[in-house]
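Single-structure report; data block below.
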Amino acid sequence: MALSAVAVLLSVAFVCGTLVFTDTMNTTFDKLFGVTSADVTVSAKVAKDGEDNPNRGKPEVLPASAVEQVAKAEGVKSAEGAVVSMSVTVVNAKNENMGSTTGAPTIAGNWNDNELKSMKITSGQAPRGPTEMMVDADTAKKHHLKLGDELRTIAITGDVRARISGIATFTVTNPGAAIVYFDTATAQEKLLGGPGLFTHVNVTAKDGVGDDRLKANVAKAVGADTYKLQTAKESADANRKDVGSFLDVMKYVMLGFAGIAFLVGIFLIFNTFSMLVAQRTREIGLMRAIGADSGQILKSVIVEAFLLGLVGSVLGVGAGVGLAVGLMQLMGQMGMHLSTDDLTVAWTTPVVGLVLGIVVTVVSAFIPARRAGKVSPMAALRDAGTPGDKKAGRIRAAVGLVLTGIGGAGLFLAAGADKASAGSLWLSLGVLFTLIGFIVIGPLLAGLVVRLLSGIVLRPFGSVGRLAERNALRNPRRTGATAAALMIGLALVACLSVVGSSMVASATDELDKSVGADYIVQSQTGQPIMPQAEQALRATKDLDHVTAYREVEAKITAPDGSVKDDGISVTDPTYAQDVRRKMIAGEHAAAYGKDAISVGSLYADEHHVKVGDELTVAFAGGRAARLKVAAITSDEGNLDKGVMYISTATAEQFLSADRMPRPFMLLAKAADGKADAAYGAVKGALAEYPQYAVQNQTDYKQTLKDQVGQLLNMVYGLLGLAIIVAVLGVVNTLALSVVERTREIGLMRAIGLSRRQLRRMIRLESVVIALFGALLGLGLGMGWGATAQQLLALEGLKVLEIPWPTIIGVFAGSAFVGLFAALVPAFRAGRMNVLNAIASE
């Protein structure tokens, strides 16, 4: 019962911990956005909500005259110009990046009065000129910075070297951003490219003037459509929306894994109560004989399950809060600082935890409780553990076969689907029905698979191995339910391993076939390539050419009149050499001619576009153009699928220089026979810009592999909870099995079975049950993964790769899981007193 309560505790703790952790993060960001938002914020009309830096590499700006206009509005107490840029990199004297490693931005700006709402200077003083700067205390502590240290700030408008004159500490929680401050003049010159410019204006209202009224007054003073105006609430909501979408995804993903743990826990609790009811058969029969009706017996077991669920859930809610604090500490180690002062436990969190834990426990125990209610008074005359109804077993096997067949048909239809949307539906149905089918058919499979495994694994252990095999086969229903818990977690592990390996293999294959460039240069955080870095690369010796890759937003009108908002890739003509695209019509190089464009085959088919047709392209921030379709590229592969190409020269005709985006990637080709020398030269040329990664094709493939591997490791970690609960299920089954077989064990010991042999028998029984669950789970998961890969093939990921080392490693690891799970039950069995065991009822 304690182990069952632990299973409930772990599952409830995961749910409550997730809710508390994400609620705390929401509270942290809400406080930060609420404190830092001015009463009204004025920014450039073209600036996007929550995006201060478009792909041009620097923020949209306002003239200094805007501050004067705003200050004259009725109800304005003060108007202060501010500078903020997130397209910067800060490095120390060793050229090491001082930015966050958690994905939080590096922010540079001017020190102003609005910053005092969230920060205070705790050491030194504010910057007073171009040679001074201030950093936040968290960044200083993380990177061991002190007053007087020199830092270099790299921006698209130039570099600035300055010494730390002060350190500012957050008065609210800093979620992890690295922040540096300059005086206003330096910030304008170095971050925006000239004097008299600001990114926004912070407006403070006079006493008694509401934000909405102030916004209306400012709009009247500067013109309603001149600038973008936001109240403090609107500004905070815009920022919260961006962060909230990420937090929601994280919350629901973690809750999904908690749901898997609950599903596994159902088998544990079901098995526990099934075995308890079987052991109490005579007791229940006696109770029936003295007058207890079936309803009272059923209620007694349900109340027992309710109490178990209540205790486990209450402890789980408390453990969940502890888990959330632990996650906050872990995030702190990674650089995202979350304060326990902001710990948020909504009233719904314990309610959800209690309801889930109790309901799942009671539902899991209902079938055993119903079985207990059907025990007749005559059962008092029989031994405990009466065999189940053979007819019911046959019906169960038939239902399991039907469900598995339906699931298999769903997977077959998914693998043969022509469209990913239809295939995804069939895949979901196939996964669901095969999983349920395998669970239902588990007892039937146990008889076949356990015998097969026993012949390989247990027979070398002689009579002890045969005894372990018979014990595992004694109650196929119990063995099937125990193995099913482990099967679920391992099926997901196998499925994701196959999908991840296939994605890497497909991408690698596509790179080998399509990419002719030798080197790829891009930022790991999505920053555009700065002009000085691009110039350094183009000046590198031993290179044949360098290709810049940009993307512009445009509204595209096809000849059939349909309109599509999409991105267009803007590249140099040498891109046709760097990436080999399969052509449906025309030549790739022709797309880089004057007023020419290429389109993908899917777009061409959908809108009946052919070579020679004209598209109307309205560039965002620029003029409209009539571009002739010069080529149609195949969308069979996954590299640049659906992309439209134009030349840099064409884009420059319709976009002014200040609206032209910066490249987000550079491709370089080495001169013949100079590959090794050029690789070193390229790395040397960009050594001053650590925000950019220089990769050859081998490096790029390894990065893809590492990224997928990190994602899978994170998923495996989350699945670890379900596997832990499954291991508890194996422990519980063996422990109850030992209690159930107490007299039998005593008799075996009396006729010569040693303690060592007894412990080995129980360990081998556990191993074969674990291997049975692993075999079912891995087989099922590989089937799911292979089907998913066939769907991904429609998107260009055409290579199926089974990660055999991982599969074999997990299977072998399952044997160790079985050994571990049997340690305590085997130890307890070995310590039994022989005479007491024989006398046991």
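The structure displayed is predicted, hence computed values, not measured ones.
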Does the side chain of [Y] come within less than 4.5 Å of [X]'s, by heavy atoms?
X    : Y    : value
L780 : L776 : no
V799 : S502 : no
V431 : L427 : yes
T787 : W426 : no
L298 : S294 : no
L711 : M714 : yes
M832 : V738 : yes
F262 : L356 : yes

Please report the shortest heavy-atom distance between G818 and S766, naming the atom on each side.
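In this case the closest contact between G818 and S766 is O-OG, 2.5 Å.
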What's the shortest heavy-atom distance between A261 and L721, and which atoms?
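Looks like CB-CD2, 3.7 Å.
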Might you confirm whether atom [atom1] of [X] has over 12 heavy atoms from other residues, nucleotides or ligands at distances under 6.0 Å?
X    : atom1 : value
L401 : CG    : yes
K705 : NZ    : no
Y716 : OH    : yes
F257 : CZ    : yes
R474 : CZ    : yes
M275 : CE    : yes

Candidate pair M250 and F21, rule side-chain contact (heavy atoms from CB on, under 4.5 Å), full reasoning
CA-CA 10 Å; M250 182 173 69; F21 178 65; 3.8 Å; yes
Please test S4 against N732 for side-chain hydrogen bond (donor to acceptor under 3.5 Å, both in side chains), starting from the C-alpha separation and ending with a verdict.
CA-CA 8 Å; S4 299; N732 228 18; 3.1 Å; yes
Is any side-chain N of the basic residue among R741 and E765 closer than 4.0 Å to the acidic one's carboxylate O?
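Counted as a salt bridge, because a side-chain N and a carboxylate O are separated by less than 4.0 Å.
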Run the salt-bridge test on R478 and E740 with the 4.0 Å N-O cut-off and return the result as yes or no.
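Salt bridge flag = yes for E740 with R478.
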Could you go through T806 and S497, starting from their C-alpha distance and side-chain angles, then the distance that decides it, and tell me whether this counts as side-chain hydrogen bond (donor to acceptor under 3.5 Å, both in side chains)?
CA-CA 8 Å; T806 300; S497 295; 5.1 Å; no
side-chain contact (heavy atoms from CB on, under 4.5 Å) between F14 and T18: does it pass, once the steps are laid out?
CA-CA 6 Å; F14 203 101; T18 297; 3.8 Å; yes
Given T404 and F433, is the side-chain contact (heavy atoms from CB on, under 4.5 Å) satisfied, shown in steps?
CA-CA 6 Å; T404 304; F433 278 96; over 6 Å; no
Side chains of residues 452-460: which donor-acceptor pairs under 3.5 Å do they make with residues two or more places apart or in other chains?
unit_1 : atom_1 : unit_2 : atom_2 : d
S454   : OG     : V450   : O      : 2.6
R459   : NE     : E469   : OE1    : 3.4
R459   : NH2    : E469   : OE1    : 3.1

